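Quick notes on the structure that follows.
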Amino acid sequence: MVKHELERLISEAVRKAQAAGDLPAVAVPDAPLERPQRPEHGDYASSLAMRLARLAGQSPMEIAKTAVKHMDLDEAVGSVDVAPPGFLNIRLSPSWLAAQVDAILEAGERFGDVPLGGGRSLQVEYVSANPVGPIHVGNGRGLALGDTLANVLAAAGYQVQREYLVNDAGTQTETFAATLYARYQQLFGREVEIPEGGYPGEYMISLAQRLREEKGDSLLAPPGEPYPPEVHDLGVTRMMDVIRDDLAMVGVHYDRWFSERSLYSDGTYEKSLAHLRDGGFVTEREGAVWLSSSELGDEKDNVLVRSTGAPTYFASDIAYHYDKFLVRGFQRVIDVWGADHQGHVPRMKAAAAALGVDPERLTIILYQLVTLKRGAEVVRLSKRAGEVVTLREVVEEVGADAVRFFFVSRAADSHMDFDIELAKRQSAENPVYYVQYAHARIAGILSHAAERIRSFEDGDVSLLTHESELALVRKMLQLAELVESVAVSLEPHQLPYYAMDLAAAFHDFYEKCRVVSDDEALSKARLKLVAAAKLALARALGLMGVSAPERM
RNA sequence: GCGCUCGUAGCUCAGUCCGGAUAGAGCGCAGCCCUGCGGAGGCUGAGGUCGUGGGUUCGAGUCCCACCGAGCGCGCCA
């Protein structure tokens, strides 16, 4: 990547200046290259001279000039200027930029890949909504975040596994089953109410109807008796079918759907508990079993096994992470959770430590919950009130691409409002179409060209010298830097902003430069440029899980 | 009460991690551009005490402190 190459050249220059005695031999601070906002400040800028000034006892301007004097030449570098108060402004060489078009075409669909991960294994777990209802809008955020992150990490050279934890063992699915059974009985004319704290949503009635279609009255127990186990299992299975469809609709596919219950049936739970005991982090008091998490950075101890003998959600999650780290051996695990789980973070970190796993290997990304609105009115996502705004409903209204682009555009920390009315009204104004339009426009140009020019493989990219042509190349080259920075920061919301910029660079070029013209040599060169831009746009969109249409 | 997160243009949000040059984008608003490859496009303009007050610094939207406001968390719930 040219950015790293330039950083290397600059620190080399300083070292050489020190060796030559032009700069004092002080420790050189880190100074990553910046992207200046103003084009006249070049493609990259370094503030190293300012950072070095106090240590070196020289003025930033002097230091910058000295550094330039000792800097090696590189074919990518067009010029290096010193600007007050001591910036080093680097401009890329136009001929080098033009030549990158061929490099992009060569990289093809892998353009933007970066060797950061080195094939290390990494797991991303996201959504993992309880199988007690369909995916709702609030989950949209976790899905866009987690899925995009997984895409980017794969592009950054990690071996990524996507996983959904199916909470099929807890009290919530029991309440779900009880509700389902009540609805099922109602279909056969029994006068029963859904349980207190149950799920009053309409979808439970459809689910009950489905059970009746599949099983007739065979699931009916004698009146007053609890539901047969099959109601629970079949209900959860059918609910997961719905959830799988909901997620597929927005392009989310998992490598593995992990059953929480399997932790108990295959002995993982017992093993993880034994492992904690061996480490000496387990105590018993008041009839319950506790993890001494307060010794490991949490504010307090937490219950693993209730006095009833039933494991807590915490114990379940420990067993699950025991499986992730110690059984399956992921080097790194990323969990994407809603901010309502924030209290769970320190204890899971403590649990990792208790398992002998460096807590650094567990990254938990919290995203702020979505406030759902219908106009000015706040819609409470309480399942008890039964008002669920499903993801499906919104996707059918505004489209999967717009939904994903919208959710991935917001930083995880931002507290966002989702106004369903506004989203519907403004779906045509969603910026995603601006980016997709650029892609479709290029497809149009390429098919227009195909009727006139046999092939442009022999196009000479050195003919690309127009300012807007080079600006487009510059923007394309930024993709790899972005993939790297997102893979490190785990903040994929940078992606849509980049995609907008890239599309803008293309549209600007399109306005100023005719691609297919009487000048065949230039036409071929520009067709190469445009084909490269198409790759870059498709990649940027693809990383976000958004389609790149040939026509709209 | 304590803790975490947030407060930037009319609206929705980037920029804060790692301080740097005149604070950006989309939408909305006012105006302009089609006798050539897709006008879901391009160009121009109006619009900002970066929540408030202190502090650190050559330099603060960015770091520190206090305060105000909002969301979330502080269970033998998940």
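In what follows, chains carry the letters A, B, and so on, assigned in the order in which the sequence lines appear, proteins first and then strands, with residues in each chain numbered from 1. The shown structure was predicted, so the numbers you read here are calculated from the model rather than taken from an experiment.
Candidate nucleotides G42(B), C72(B), U5(B) were compared by shortest atom distance to the side chain of H507(A), and G42(B) ranks first. Distance from the side chain of Y437(A) is smallest to A40(B) among A40(B), G42(B), U5(B). Between G26(B), A78(B), G42(B), one nucleotide has an atom nearer to the side chain of Y434(A) than all others, and that is G42(B). Among the nucleotides U5(B), U12(B), C74(B), the one closest to the side chain of K300(A) is C74(B). For D508(A), the listed nucleotide lying nearest its side chain is G42(B); candidates were G42(B), C76(B), C13(B).
If you check A25(B) for Watson-Crick or wobble pairing at under 3.5 angstrom, you find it paired to U12(B). The nucleotide C58(B) finds its pairing partner in G20(B), both defining distances of the Watson-Crick or G-U wobble pair being shorter than 3.5 Å. Shown here, A66(B) forms a base pair with U52(B); the pair counts as Watson-Crick or G-U wobble because both key distances fall under 3.5 Å. In this structure, C74(B) forms a base pair with G1(B), meeting either the Watson-Crick or the G-U wobble geometry with both donor-acceptor distances under 3.5 Å.
The CG atom of N302(A) sits 12 Å away from the P atom of A78(B) (whole-angstrom rounding). Taking atom CZ of R35(A) as the reference point, atom P of A14(B) lies 22 Å away to the nearest angstrom. The interatomic distance linking H415(A) (NE2) with C72(B) (P) rounds to 10 Å, in whole Å. Rounded to whole Å, atom C1' of G41(B) lies 13 Å from atom NZ of K512(A). Regarding K373(A), its NZ atom lies at a distance of 11 Å from the P atom of G71(B), rounded to whole Å.
R452(A) comes within 4.0 angstrom of nothing in the nucleic acid, heavy atoms only. E286(A) comes within 4.0 angstrom of a base, heavy atoms only. Backbone-only contact: D417(A) has heavy atoms under 4.0 Å from sugar-phosphate atoms and none from a base. Base contact: M552(A) has a heavy atom under 4.0 Å from a base atom. Residue contacts for E550(A): at a heavy-atom cut-off of 4.0 Å it reaches a base atom on one of the strands shown.
A donor N or O paired with an acceptor N or O is not found under 3.5 Å between the base of C13(B) and the side-chain atoms of S409(A).
For E299(A), the CD atom sits in a loose shell: 12 or fewer heavy atoms of surrounding residues, nucleotides or ligands are nearer than 6.0 Å. Few gaps surround CD on E40(A); more than 12 heavy atoms of other groups in view lie less than 6.0 Å from it. Environment of CZ in R454(A): sparse, with no more than 12 heavy atoms of neighbouring residues, nucleotides or ligands closer than 6.0 Å.
Counting heavy atoms from C-beta outward, M416(A) and T371(A) have side chains that stay 4.5 Å or more apart.
Contacts between residues 335-350 of chain A and RNA chain B, defined by a heavy-atom separation below 4.0 Å, involve A339(A), D340(A), H341(A), Q342(A), G343(A), R347(A), listed by number. Residues from residues 521-532 of chain A with heavy atoms under 4.0 angstrom of RNA chain B: there are none.
Toward the 5' end of RNA chain B, the nearer of the two residues A438(A) and S307(A), judged by each one's closest nucleotide, is A438(A).
Separating the P atom of C2(B) from that of A14(B) is a span of 29 Å, rounded to the nearest Å. A40(B) and G26(B) have their C1' atoms separated by 14 Å, with the value rounded to a whole Å. Here the separation of C11(B) from C29(B), taken at their P atoms, is 15 Å to the nearest Å. Comparing the P positions of C67(B) and C4(B) gives a spacing of 13 Å, expressed to the nearest Å. Remark: the separation of the C1' atoms in G73(B) and U52(B) is 26 Å, to the nearest Å. Straight-line distance between the C1' atoms of G42(B) and C6(B): roughly 37 Å, to the nearest whole Å. Separation of the P atoms belonging to G15(B) and C43(B) is 24 Å when rounded to the nearest angstrom. Remark: the separation of the C1' atoms in C63(B) and C50(B) is 16 Å, to the nearest Å.
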Distance-only donor-acceptor pairs under 3.5 Å for side chains of residues 315-322 of chain A, two or more places apart:
unit_1: S316(A); atom_1: OG; unit_2: E260(A); atom_2: OE2; d: 2.6
unit_1: S316(A); atom_1: OG; unit_2: Y264(A); atom_2: OH; d: 2.6
unit_1: D317(A); atom_1: OD2; unit_2: H344(A); atom_2: NE2; d: 2.9
unit_1: Y320(A); atom_1: OH; unit_2: E163(A); atom_2: OE2; d: 2.7
unit_1: H321(A); atom_1: ND1; unit_2: D317(A); atom_2: O; d: 2.8
unit_1: H321(A); atom_1: NE2; unit_2: D335(A); atom_2: OD2; d: 2.6

Indicate every side-chain donor-acceptor pair of residues 503-512 of chain A with a distance under 3.5 Å to a residue at least two apart or in another chain.
unit_1: H507(A); atom_1: ND1; unit_2: R441(A); atom_2: NH1; d: 3.0
unit_1: D508(A); atom_1: OD1; unit_2: K512(A); atom_2: NZ; d: 2.8
unit_1: D508(A); atom_1: OD2; unit_2: K512(A); atom_2: NZ; d: 3.3

For nucleotides 18-24 of chain B, print each protein N/O atom paired with a nucleotide N/O atom at under 3.5 Å, atom names and distance only.
unit_1: A21(B); atom_1: N6; unit_2: N89(A); atom_2: OD1; d: 2.9
unit_1: A21(B); atom_1: N1; unit_2: N89(A); atom_2: OD1; d: 3.3
unit_1: A21(B); atom_1: N1; unit_2: N89(A); atom_2: ND2; d: 3.2
unit_1: A21(B); atom_1: N3; unit_2: H41(A); atom_2: NE2; d: 3.3
unit_1: U22(B); atom_1: O2; unit_2: R38(A); atom_2: NH1; d: 3.4
unit_1: U22(B); atom_1: N3; unit_2: R38(A); atom_2: NH1; d: 3.0
unit_1: U22(B); atom_1: N3; unit_2: R38(A); atom_2: NH2; d: 2.7
unit_1: U22(B); atom_1: O4; unit_2: R38(A); atom_2: NE; d: 3.3
unit_1: U22(B); atom_1: O4; unit_2: R38(A); atom_2: NH2; d: 2.7

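Contacts of R551(A) classified as salt bridge (charged side-chain N to carboxylate O under 4.0 Å, His left out), with partners at least two apart in sequence or in another chain: none. Partners of D233(A) by side chain to side chain contact (heavy atoms under 4.5 Å, CB included), not counting sequence neighbours, listed by chain and number: R261(A). Residues passing the salt bridge (charged side-chain N to carboxylate O under 4.0 Å, His left out) test with D519(A), sequence neighbours excluded: none. Applying the salt bridge (charged side-chain N to carboxylate O under 4.0 Å, His left out) criterion to D168(A), with sequence neighbours excluded, gives no partner residue. Looking at residues two or more places apart in sequence or on another chain, you find a ring-ring contact (aromatic ring centres under 6.0 Å, His included) between F407(A) and F418(A).
Electrostatic pairing of K475(A) and D501(A) counts as a salt bridge here, judged by a charged N lying under 4.0 Å from a carboxylate O. The pair D419(A)-K424(A) does not count as a salt bridge, with every side-chain nitrogen at least 4.0 angstrom from each carboxylate oxygen. Between K528(A) and E457(A) there is no salt bridge, since none of the side-chain N atoms of the basic residue sits less than 4.0 Å from a carboxylate O of the acidic one.
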Reading nucleotides 29-37 of chain B from 5' to 3' and marking B where a protein heavy atom lies under 4.0 Å of the base, S where only the sugar-phosphate is that close, and - otherwise, the string is -------BB
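At a cut-off of 3.5 Å, with distance as the only test, a side-chain donor of T173(A) or H232(A) sits close to an acceptor on the other residue.
Nearest approach of N167(A) to P131(A), heavy atoms of both residues: O-CD, 3.4 Å.
Counting only residues at least two apart or in different chains, salt bridge (Lys or Arg N to Asp or Glu O under 4.0 Å) contacts with residues 169-179 of chain A are absent.
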